[in-house]
Visitor: 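Okay, handing you the structure first.
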There are 2 protein chains.
Amino acid sequence: MKLKATSEYALRILAHMSNTNEDSHTAKGLSQTLNIPYKYLTRIMTNLGKAGFINSTRGKNGGFIFAKPLEEIKIYDILEVMNDVNEDVCLMGEGLCSQGEHCVLHESWSKPKQLIEEMFKNSSLKDLQKSAPFKA
Amino acid sequence: MKLKATSEYALRILAHMSNTNEDSHTAKGLSQTLNIPYKYLTRIMTNLGKAGFINSTRGKNGGFIFAKPLEEIKIYDILEVMNDVNEDVCLMGEGLCSQGEHCVLHESWSKPKQLIEEMFKNSSLKDLQKSAPFKA
DNA sequence: ATTAATTACTACCTTTAAGTAGTAATATAA
DNA sequence: TTATATTACTACTTAAAGGTAGTAATTAAT
């Protein structure tokens, strides 16, 4: 019931970038502002780049910018890239729940779980902007 | 959005014990039936014992039995013992959400999260019995 | 060209969860 | 009282996540 550190970092980075007007962000700046270890952050940035969320330019005045509109980057996509999505995993893993039968808790568990996952799929970085309207 | 292996094992073990009439279960038997590594299982059993869920007897004809009625062992308690509870942890960890302000996703996320946690608190091993009535 | 500022890459180190091995302690039965 | 079947304890190994270090590649400014 907790995202892994890498996912949290990625969300915080992208959310912060979504909430500023600056046309470019450097790893150094992001690292300091968000208090994320510099070297670890650069690796995350590279992955976010490979995933197509951001573009990077090296060298002086280099940095990171979004590669597409905020609405097109879903929270779910980010978690997927960070390898932090576990759909259809039942409460007890390989246990009673997996082989056709379902444990009694299965329903109670999978419903809110699906709710959360739907929310991840429906919300984008646009929704993480401070100005964003409240979204159910 | 996934329990850790140890928690899943613990739940499967206790659920299985709840669903049998045998007055005692051996580590060997549980390990084979549930396909959980023997040595790892015995460590889990020791922890479940220390937590007061089960009693153990060594030696010939030894094994594990419940230390109290099934209703009194809540799923939440089990997860707590397994160190797998993360209440009040926001989506982005130490990020925007922590310092007074909440990110826009906070509500959407924390509601179903709380739902799940409430469910864990309200349901016990009794509810994991195959015969248990469906429970919302 | 040279320097400085940046990202990219590769390899390593640290921590924690997961899993294994060996032995000690305990209880029963023969 | 000896053998056997069990759990308990301690220490190690493995795998994966998290984090660090050094250097190469790239870009811009001077």
Side-chain angles (χ1 to χ4, degrees), chain A residues 1-13 17 22-67 79 81-86 93-94, chain B residues 1-13 17 22-67 79 81-86 92-95:
Chain A
M1 293 307 306
K2 184 166 156 34
L3 298 179
K4 44 190 206 184
T6 316
S7 302
E8 292 180 358
Y9 289 162
L11 287 175
R12 280 164 55 193
I13 292 164
M17 286 176 65
E22 296 146 46
D23 37 309
S24 173
H25 294 265
T26 66
K28 195 181 173 197
L30 290 169
S31 162
Q32 287 170 350
T33 307
L34 299 173
N35 199 31
I36 298 172
Y38 174 73
K39 285 289 192 176
Y40 200 48
L41 181 137
T42 61
R43 284 219 311 218
I44 294 173
M45 297 315 276
T46 303
N47 288 334
L48 295 177
K50 284 180 178 158
F53 301 148
I54 57 178
N55 286 328
S56 62
T57 53
R58 307 199 211 186
K60 211 158 193 172
N61 303 329
F64 304 96
I65 54 169
F66 282 111
L79 299 182
V81 166
M82 296 303 142
N83 233 319
D84 205 0
V85 163
N86 294 96
E94 293 299 311
Chain B
M1 294 307 305
K2 182 165 156 36
L3 298 179
K4 42 191 208 184
T6 317
S7 302
E8 290 180 0
Y9 288 162
L11 286 175
R12 279 164 55 193
I13 292 163
M17 285 176 63
E22 295 144 48
D23 38 308
S24 174
H25 294 266
T26 66
K28 194 180 172 198
L30 291 169
S31 162
Q32 288 170 349
T33 307
L34 300 172
N35 199 32
I36 298 171
Y38 173 74
K39 286 287 191 176
Y40 200 48
L41 181 137
T42 60
R43 284 218 313 216
I44 293 173
M45 297 315 276
T46 303
N47 288 333
L48 296 177
K50 284 181 178 159
F53 300 149
I54 56 177
N55 286 326
S56 61
T57 51
R58 306 198 212 186
K60 209 157 195 172
N61 302 330
F64 304 95
I65 54 170
F66 282 111
L79 299 183
V81 165
M82 296 302 142
N83 233 320
D84 205 359
V85 163
N86 294 96
M92 308 202 202
E94 292 297 311

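Order of the sequence lines sets the chain letters (A, B, ...), proteins ahead of strands, with each chain counted from 1.
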Visitor: Under 4.0 Å: is that the gap between some side-chain N or O of B:Tyr9 and OP1 or OP2 of C:dG19?
Guide: yes

Visitor: Just to be sure I understand the rule, does B:Thr42 reach a base, reach only the sugar-phosphate, or reach nothing, if contact means heavy atoms closer than 4.0 Å?
Guide: nothing

Visitor: When the distance from NZ of B:Lys2 to P of D:dA17 is rounded to whole Å, what number comes out?
Guide: 12 Å

Visitor: Atom CG of A:Leu30 to atom P of C:dT6: distance rounded to whole Å?
Guide: 12 Å

Visitor: Just jot down the side chain to side chain donor-acceptor pair (under 3.5 Å) partners of B:Thr42, sequence neighbours excluded, or say none.
Guide: none

Visitor: So, is A:Ser56 near the phosphate of C:dA8, with a side-chain N or O under 4.0 Å from OP1 or OP2?
Guide: yes

Visitor: Return the set of residues passing side chain to side chain contact (heavy atoms under 4.5 Å, CB included) with B:Lys39 (not counting sequence neighbours), or none when no residue passes.
Guide: none

Visitor: Who passes ring pair (Phe, Tyr, Trp, His ring centres under 6.0 Å) against B:Phe53, sequence neighbours left out?
Guide: none

Visitor: Stepwise, does the side-chain contact (heavy atoms from CB on, under 4.5 Å) test hold for B:Met82 with B:Leu48?
Guide: CA-CA 9 Å; B:Met82 296 302 142; B:Leu48 296 177; 3.4 Å; yes

Visitor: Roughly how many Å is it from CD in B:Gln32 to P in D:dA5, rounded to a whole number?
Guide: 14 Å

Visitor: Could you list all the side-chain hydrogen bond (donor to acceptor under 3.5 Å, both in side chains) pairs where at least one residue sits in residues 44-67 of chain A, not counting sequence neighbours?
Guide: none

Visitor: Distances under 3.5 Å only, N/O to N/O: pair up the protein atoms with those of nucleotides 13-16 of chain D.
Guide:
none

Visitor: Of all the choices, D:dT23, C:dG22, D:dG18, which nucleotide is nearest to the side chain of B:Lys39 once you look at every atom?
Guide: C:dG22

Visitor: For B:Ile44 and D:dT7, give me the distance from atom CD1 to atom P, rounded to whole Å.
Guide: 14 Å

Visitor: C:dA18, D:dA8, D:dT6: which one has an atom nearest the side-chain heavy atoms of B:Lys4?
Guide: C:dA18

Visitor: What is the distance, rounded to the nearest whole Å, between atom CE of B:Met82 and atom C1' of C:dT16?
Guide: 16 Å

Visitor: For nucleotides 11-13 of chain C, tabulate all protein N/O to nucleotide N/O atom pairs closer than 3.5 Å, reporting atom names and distance.
Guide:
from: C:dA11; atom 1: N6; to: A:Arg43; atom 2: NH1; distance (Å): 3.2

Visitor: Taking all non-hydrogen atoms of both residues, which atom of A:Met17 and which atom of A:Ile54 are closest, and how far apart?
Guide: CE-CG2, 4.2 Å

Visitor: Return yes if some donor-acceptor pair links the side-chain N/O of B:Asp84 with the main-chain N/O of B:Lys4 below 3.5 Å, else return no.
Guide: yes

Visitor: Would you mind classifying the nucleic acid contact of B:Gly63 as base, sugar-phosphate or nothing, using non-hydrogen atoms under 4.0 angstrom?
Guide: sugar-phosphate

Visitor: Name the nucleic acid region contacted by B:Tyr38, choosing base, sugar-phosphate or nothing; use a 4.0 angstrom heavy-atom cut-off, strictly under.
Guide: base

Visitor: Rounding to an integer number of Å, can you tell me how far A:His25 NE2 sits from C:dT6 C1'?
Guide: 16 Å

Visitor: Can you give me the N/O atom pairs linking the protein to nucleotides 27-30 of chain D at distances under 3.5 Å, or say none if there are none?
Guide:
from: D:dT27; atom 1: O2; to: A:Lys60; atom 2: N; distance (Å): 2.9
from: D:dA28; atom 1: O3'; to: A:Asn61; atom 2: ND2; distance (Å): 3.4

Visitor: For A:Ile13 and C:dT7, give me the distance from atom CD1 to atom P, rounded to whole Å.
Guide: 12 Å

Visitor: Going by the rule ring pair (Phe, Tyr, Trp, His ring centres under 6.0 Å), which residues pair with A:Phe64 if we only count those two or more places apart in sequence or in a different chain?
Guide: none

Visitor: Could you check B:Leu41 against B:Ile13 for side-chain contact (heavy atoms from CB on, under 4.5 Å), going step by step and ending with a plain yes or no?
Guide: CA-CA 9 Å; B:Leu41 181 137; B:Ile13 292 163; 3.9 Å; yes

Visitor: On a heavy-atom basis, which atom in B:Ala51 and which in B:Val81 lie closest, and how many Å separate them?
Guide: CB-CG2, 3.5 Å

Visitor: With sequence neighbours left out, which residue pairs that include part of residues 25-36 of chain B fulfil the side-chain hydrogen bond (donor to acceptor under 3.5 Å, both in side chains) condition?
Guide: B:Thr20-B:His25

Visitor: List the residues meeting side chain to side chain donor-acceptor pair (under 3.5 Å) with B:Tyr38, not counting sequence neighbours, and say none if there are none.
Guide: none

Visitor: Nearest-Å distance, OH (A:Tyr40) to P (C:dA8)?
Guide: 17 Å

